[in-house]
Protein chains: 2
Amino acid sequence: MNVETALQRLKEKGYKRTKQRERIVEIFVQQDQYIAAKDILKTIQEDFPGVSYDTIYRNLYLLTEEEILETTELGGEKHFRLGCETHGHHHHFICTTCGKTKPIEFCPMNSINENLKGYDVENHKFEIYGKCPQCH
Amino acid sequence: MNVETALQRLKEKGYKRTKQRERIVEIFVQQDQYIAAKDILKTIQEDFPGVSYDTIYRNLYLLTEEEILETTELGGEKHFRLGCETHGHHHHFICTTCGKTKPIEFCPMNSINENLKGYDVENHKFEIYGKCPQCH
DNA sequence: TCAAAAAATAATAATGATTACGATTTAAAT
DNA sequence: ATTTAAATCGTAATCATTATTATTTTTTGA
């Protein structure tokens, strides 16, 4: 996913193209890893000193809603990353030091033969945490 | 796991037996589900009106540290439940309405044949979210 | 091009979970 | 019974997240 594709998708839904929004998407395209809201804020303030958390969160949630970003909880705070649609549905190894990820193609839901009759499955999470080769 | 076993295990580590701690463990033994810190506080205040969050969190973390409780993040807040050691290592279906869980014996790590050479795996999470039969 | 309308932003305040701290109390060991 | 470390209470501080209101910016289309 590149910046233009993402913004194009937003435009189709009637969302406007703003410099801040553009920059946020750009950051995610550049950094292929999970990033916390506060780090997005820090980075974007280099270009737009005035941005507020309101702008950050509003856009992060919008981008997640539009399936441009994926989100997960790391160490008590939400982290976001560009959704990598090339692989279709998949999971991640997540480095607990740098936040970089490695796609895991295997999905445990395909292997579930537990009896979940009567249970309404809405969602699932499978994540492996540890140190990537660089941080190891 | 019952209350005595849990407190005994703490005693062996030199931790004291207090009425508050005892009551906290008791709540988890009685309720077989994930509970948020604030709900533990509310319940325990029926018996000990003065308890503070400090006491709650200190004990929740201690009990988790000692592997008496398990923890997960639900809707932005930490939830705790009694670790059910009867099943050995396992995962959970978690009801997003009431917090009750159903053990899932299957562990995806046993089925991982992705190449994680060079990656130091520390931990993993596999959780299925949805509605249990009662909340459905 | 220009004006209007909708959307987005900035600045700031509020909320809610979690953590921290100093004074006091309590458990348990001698 | 005394001592001492651990635990608690009461309260304040912190930190992520959400909300609010006034202002600014995009976009659209006359």
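Naming convention: chains lettered A, B, ... in sequence-line order (proteins, then strands); numbering from 1 in each chain.
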Inset, instruction - Report the residues that fulfil side-chain hydrogen bond (donor to acceptor under 3.5 Å, both in side chains) with Arg21(A), sequence neighbours left out, ordered by chain and then residue number. - result: Asn59(A)
Rounded distance in Å - [atom1] ([X]) to [atom2] ([N]):
| X | N | atom1 | atom2 | value |
| --- | --- | --- | --- | --- |
| Tyr57(A) | dT20(D) | OH | P | 17 Å |
| Phe80(B) | dT18(C) | CZ | C1' | 10 Å |
| Lys11(B) | dA7(D) | NZ | P | 14 Å |
| Leu60(A) | dA16(D) | CG | P | 14 Å |
| Ile40(B) | dA17(C) | CD1 | P | 14 Å |
| Tyr61(B) | dA17(C) | OH | P | 13 Å |
| Lys42(B) | dA17(C) | NZ | C1' | 14 Å |
| Leu7(B) | dA7(D) | CG | P | 12 Å |

Inset, instruction - May I ask you to evaluate whether Lys78(A) reaches the phosphate of dA16(D), defined as a side-chain N or O under 4.0 Å from OP1 or OP2? - result: no
Inset, instruction - On the 0 to 90° scale, with breaks at 30° and 60°, tag the Phe106(B)-Phe106(A) ring pair as parallel, tilted or perpendicular. - result: tilted
Inset, instruction - For the pair His92(B) and His90(B), name the ring-plane relationship: parallel under 30°, tilted 30 to 60°, perpendicular over 60°. - result: perpendicular
Legend entry - Minimum heavy-atom distance between Lys78(A) and Glu73(A), given as atom pair plus value: CG-OE1, 4.0 Å
Legend entry - Arg23(A) side-chain N/O to Asp47(A) backbone N/O, donor-acceptor pair under 3.5 Å: no
Can you give me the N/O atom pairs linking the protein to nucleotides 8-12 of chain C at distances under 3.5 Å, or say none if there are none?
residue, atom, partner, partner atom, Å
dA8(C), OP1, Lys16(A), N, 3.3
dA8(C), OP1, Arg21(A), NH1, 2.7
dA8(C), OP1, Arg21(A), NH2, 3.3
dT9(C), OP1, Thr18(A), OG1, 2.8
dT9(C), OP2, Arg58(A), NH1, 2.2
dT9(C), OP2, Arg58(A), NH2, 3.4
dT9(C), OP2, Asn59(A), ND2, 3.2
dT9(C), O3', Gln20(A), NE2, 3.0
dA10(C), OP1, Gln20(A), NE2, 3.2
dA10(C), OP2, Thr55(A), OG1, 3.0
dA11(C), OP2, Gly50(A), O, 3.0

Inset, instruction - Before giving the answer on side chain to side chain contact (heavy atoms under 4.5 Å, CB included), spell out for Val121(B) and Met109(B) the whole-Å C-alpha distance, their side-chain angles and the decisive distance to 0.1 Å. - result: CA-CA 10 Å; Val121(B) 174; Met109(B) 292 309 283; 4.1 Å; yes
